[in-house]
Protein chains: 2
Amino acid sequence: MEFSSLSDSAVLAELGERIRRERLNQNRTQAELAADARVGLNVIKRLETGDGCTVSSLIRIARALGKIDALDTLFPEPGVSPLQLARLAGRRRKQASGGRGRRKGSGNG
Amino acid sequence: MEFSSLSDSAVLAELGERIRRERLNQNRTQAELAADARVGLNVIKRLETGDGCTVSSLIRIARALGKIDALDTLFPEPGVSPLQLARLAGRRRKQASGGRGRRKGSGNG
DNA sequence: CATAAACAGCCTTTTTATAGGCTGTAACTC
DNA sequence: GAGTTACAGCCTATAAAAAGGCTGTTTATG
């Protein structure tokens, strides 16, 4: 099963089901997980039934499930060259390069 | 750097920075990503500056970045025994077992 | 410096999430 | 069947996120 083949709402639902399975694997109730994650019981219920939640709540829930490091793999740090890192740490942040030579819509204006 | 050593808000901020780096690695602007993900520009800005968003928005953004399958690793399907799977597929869903023998607060009643 | 793009920060309105409670039902124990 | 637990679904009020626009600053180019 690949997420790329699912719709957005299907991904959300699948995520909720996996969280439920993980919770049940740990033999915990929704109320217990909600208390440990410091979120309302409603948040767990809605998440597990595919209604979604905020990323903040997801982080709390992942931590309560002992899966906070799994978030690390969500967007792993891409290969950033030391030079680019230096620029990132510099004045501001690198903007998407291209500038004038990369205008999209109003190219002939 | 491990997420387990970070606070919830720090995890959120780190996630935002990684998404920004991924976006910049793909040489795209916030406005381009917002359009591709079908979210408001504000959502990208807030996310990248550590203000968070909904999981629905995160899914859209991950898909627009070509990272939708990374969500797959967030909560990988835990090892579910065939027997348990049968119960899951059965009438309802397995509830956290324990029942009366697992009461927490009023255990001496 | 002038121009243009990229972005942060702030604002208003609409939509959604959150907390908490309450009801009905399924599952388990006796 | 009675009692208990776990959960879905619905409800109200509050908080936060979303969309869209506007301003000022930074970055890059000329």
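Heavy-atom basis, side chains included; hydrogens, waters and symmetry copies ignored. Remember, it's a predicted structure, so these values are computed and weren't measured experimentally. Here is how names work: the chains are called A, B, and so on, in the same order as the sequence lines, proteins then strands, and each is numbered from 1.
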- Between D:dA6, C:dA8, C:dC7, which nucleotide has the shortest distance from any of its atoms to the side chain of A:T29? D:dA6
- Item | Proximity to the side chain of B:L24 - top-ranked nucleotide from C:dA19, C:dA8, C:dC7 | C:dC7
- Query: Just checking B:S56: base, sugar-phosphate only, or nothing, at a heavy-atom cut-off of under 4.0 Å?
  - Reply: nothing
Measure from [atom1] on [X] to [atom2] on [N] and round the result to the nearest Å.
| X | N | atom1 | atom2 | answer |
| --- | --- | --- | --- | --- |
| A:E48 | D:dC7 | CD | C1' | 9 Å |
| A:L58 | D:dA17 | CG | C1' | 16 Å |
| B:N42 | D:dC22 | CG | C1' | 12 Å |
| B:E17 | C:dA8 | CD | C1' | 15 Å |
| A:I59 | C:dT18 | CD1 | P | 12 Å |
| B:I44 | C:dG9 | CD1 | C1' | 17 Å |
| A:D8 | D:dA18 | CG | P | 14 Å |
| B:L33 | C:dA6 | CG | P | 13 Å |

Under 4.0 Å from OP1 or OP2 of [N]: is there any side-chain N or O of [X] that close?
| X | N | result |
| --- | --- | --- |
| B:S57 | D:dA18 | yes |
| B:Q30 | C:dA5 | no |
| B:R23 | C:dC7 | yes |
| B:R20 | C:dA8 | yes |

- Message: Nearest heavy atom decides the nucleotide; on that basis, is A:K45 or A:R38 closer to the 5' end of DNA chain C?
- Response: A:R38
At a cut-off of 3.5 Å, list every protein nitrogen or oxygen paired with a nitrogen or oxygen from nucleotides 14-16 of chain C, distance to 0.1 Å.
none

- Query: Without hydrogens or angle criteria, can the side chains of A:S7 and A:S9 be said to hold a donor-acceptor pair below 3.5 Å?
  - Reply: yes
Side-chain ([X]) to main-chain ([Y]) donor-acceptor, under 3.5 angstrom:
| X | Y | result |
| --- | --- | --- |
| B:D36 | B:A64 | no |
| A:R18 | B:D72 | yes |
| A:T49 | A:K45 | yes |
| A:R28 | A:L33 | no |
| B:R60 | B:R38 | yes |

- Check the pair A:E48, A:E17 against side chain to side chain contact (heavy atoms under 4.5 Å, CB included), reporting the backbone distance first and the verdict last. CA-CA 6 Å; A:E48 290 194 357; A:E17 285 185 31; over 6 Å; no
